[in-house]
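For reference, the structure discussed in these notes is given below.
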Amino acid sequence: MPASRPHTLAAPGATLYYETCGTGPLLLIIPGGPQDAGVFADLAAHLGNRYTVLAFDPRGNSRTTTDAEPGALDVDLLADDAAALISANGGGPAFVFGTSGGGQIGLSLAARHPDHVATLVAHEPPTIMLLPDPEPALAGERALHETYKRDGVEAAMGQFFAENGLDGDDSEGPPDFDMPPEAAETFARVSGNFEYWLAHGMLPLSTYQPRLDTLRSGAPRIIVAIGEQSAGQPIEAMSQALAAALNITPTPFPGDHMGFETDAAGFADALDRAFKETRHG
């Protein structure tokens, strides 16, 4: 499998860390929440014989550094970072995969920089504001934020995983078996990002409202991906609300919210099929 190559890119007020893997058309991966590029190592390896895969650490996370202490997450600023990464790696239009909060950033990227994006696969974005009644979900987000402020990171993350049906995922804690060194390093980095996400990232990502009028134009093409095992979870309703607002049918993808980790090979094939519809459609 192709090895990843580390890089940095100077951006306004930050130095962005990113990794590339493989050869072929550019495929940009936008992590969600506290994730970083390392979370997608297996997925990138499965795609590297078909694409040049670029995954990065968003501002506030892991190896990307900022000139000042990062404050509240700015979805549009992260979208501009994504556009800069595309420009620095061939200029696009690129294929884009954004998961969870990364899907929100991808929607901003597609609206603000449509010439940079061929197809966006938005995988289970937390589009709370598009729900028929967003208030119950918003109340839950505020309650989680209060848990963090009152009881700390561990209690808040436990609450988050339980409420979103992710109790069994590796993201909650270390697995019972020894992880390879690279996976252990990634787990440690991502765990270190939990506090920034809880304090400054979760609410901006959840309350971001996509520019629907711009996105409905059909360029770039938008695919809303929902995990087959996410049925009945809050994120399913949010993703369905986005698809309905864009007048498109959601596309089933393997696994649940973390399907790109639990079935990296199947998820890679699903992404490839989605992108091939653009190349050959």
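Side-chain atoms are counted along with the backbone in the values below, which use heavy atoms only and exclude waters and symmetry mates. Here, residue 1 is the first one in the sequence, and each next residue gets the next number.
Thr186 pairs by the side-chain hydrogen bond (donor to acceptor under 3.5 Å, both in side chains) definition with Arg189, not counting sequence neighbours.
Atom CZ of Arg216 is separated from atom CD1 of Ile222 by 12.0 Å, given to the nearest 0.5 angstrom. Rounded to the nearest 0.5 angstrom, Met202 CE and Leu144 CG are separated by 4.5 Å. With rounding to the nearest 0.5 Å, the separation of CG in Asp263 from CD in Gln229 is 8.5 Å. Annotation: the span from Phe267 atom CZ to His46 atom NE2 amounts to 12.5 Å, rounded to 0.5 Å. Taken to the nearest 0.5 Å, the CD atom of Gln240 stands 10.0 Å off from the OG1 atom of Thr127. Rounding to the nearest 0.5 Å gives a distance of 11.0 Å between CG of Leu54 and OG of Ser4.
Screening residues 97-110 for salt bridge (charged side-chain N to carboxylate O under 4.0 Å, His left out) gives no qualifying pairs among residues at least two apart or on separate chains. The side-chain hydrogen bond (donor to acceptor under 3.5 Å, both in side chains) analysis of residues 196-207, with sequence neighbours excluded, yields the pairs Glu141-Ser206.
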Check the pair Leu78, Arg59 against side chain to side chain contact (heavy atoms under 4.5 Å, CB included), reporting the backbone distance first and the verdict last.
-> CA-CA 7 Å; Leu78 268 62; Arg59 295 179 192 236; 4.2 Å; yes
Check the pair Arg221, Glu277 against side chain to side chain contact (heavy atoms under 4.5 Å, CB included), reporting the backbone distance first and the verdict last.
-> CA-CA 10 Å; Arg221 182 164 170 260; Glu277 290 182 17; 2.5 Å; yes
Going through the checks in order, is the side chain to side chain donor-acceptor pair (under 3.5 Å) test met by Ser230 and Glu236?
-> CA-CA 6 Å; Ser230 294; Glu236 180 193 34; over 6 Å; no
Applying side chain to side chain contact (heavy atoms under 4.5 Å, CB included), run through Thr64 and Phe56 and close with a yes or a no.
-> CA-CA 8 Å; Thr64 282; Phe56 70 106; 5.5 Å; no
Yes or no on side chain to side chain contact (heavy atoms under 4.5 Å, CB included) for Tyr51 and Leu271, after CA distance, side-chain angles and deciding distance?
-> CA-CA 11 Å; Tyr51 300 89; Leu271 277 174; over 6 Å; no
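When side chains are defined from C-beta on, Arg63 counts as touching Glu19, because their heavy atoms get closer than 4.5 Å. A 4.5 Å side-chain heavy-atom check between Met258 and Gln35 finds at least one atom pair inside the cut-off. Looking at heavy atoms from C-beta onward, Val39 lies in side-chain contact with Val190 at the 4.5 angstrom threshold. By the 4.5 Å heavy-atom criterion applied to side chains, Leu16 and Thr8 are not counted as neighbours. A 4.5 Å side-chain heavy-atom check between Leu9 and Leu85 finds at least one atom pair inside the cut-off. Leu242 places a side-chain heavy atom less than 4.5 Å from the side chain of Pro125. A 4.5 Å side-chain heavy-atom check between Val121 and Phe275 finds at least one atom pair inside the cut-off. Side-chain contact between Leu246 and Leu215 is present, with at least one heavy-atom pair separated by less than 4.5 Å.
Between the side chains of Asn193 and Ser62, at least one donor-acceptor pair of N or O atoms lies under 3.5 Å. Looking only at atom types and distance, the side chain of Ser239 has no donor-acceptor partner in the side chain of Glu124 under 3.5 Å away. Defined by atom type and a distance below 3.5 Å, a donor-acceptor pair is present between the side-chain atoms of Asp80 and His113. Side-chain polar atoms of Tyr148 and Glu195 form a donor-acceptor pair below 3.5 angstrom.
Scanning both residues, Ala264 and Leu43, for their nearest heavy atoms gives O-CD1, 3.7 Å. What you find for Pro70 and Thr66 is that their closest heavy atoms are CD-OG1, 3.5 Å. Across all their heavy atoms, Ile223 and Ala274 have their closest contact at CD1-CB, 3.5 Å. Closest non-hydrogen pair, Cys21 versus Ala44, comes out as SG-O, 3.8 Å. Heavy-atom minimum distance, Leu120 versus Ala110: CD2-CB, 4.4 Å.
Connection of Leu73 to Leu198 is established within a shared hydrophobic cluster, with ILVMFWY side chains joined at heavy-atom distances below 4.5 Å, either directly or through further cluster members. Under the 4.5 Å side-chain heavy-atom criterion for ILVMFWY residues, a single connected hydrophobic cluster contains both Met157 and Leu203.
Within 6.0 Å of atom CD in Glu135, more than 12 heavy atoms from other residues, nucleotides or ligands are found, so the atom counts as buried in its surroundings. Crowding of Glu182 atom CD: a count of heavy atoms from other residues, nucleotides or ligands under 6.0 Å not exceeding 12.
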Listed pairs under 3.5 Å, donor-acceptor, residues 22-34 side chains, sequence neighbours left out:
none

Enumerate, atom names and distances included, each donor-acceptor pair closer than 3.5 Å involving a side-chain atom of residues 92-109, sequence neighbours excluded.
residue	atom	partner	partner atom	Å
Thr99	OG1	His123	ND1	2.8
Ser100	OG	His257	NE2	3.0
Gln104	NE2	Pro126	O	3.4
Gln104	NE2	Leu205	O	2.7
Gln104	NE2	Tyr208	O	3.4
Ser108	OG	Asp76	OD1	2.6

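Hydrophobic cluster membership of Ile128, counting Ile, Leu, Val, Met, Phe, Trp and Tyr whose side-chain heavy atoms lie under 4.5 Å apart directly or via other members: Met129, Leu131, Leu138, Ile235, Met238.
In this structure, the ring of Phe40 has its center less than 6.0 angstrom from the ring center of Phe260.
In summary, Asp269 and Arg273 do not engage in a salt bridge, as defined by a charged side-chain N under 4.0 Å from a carboxylate O.
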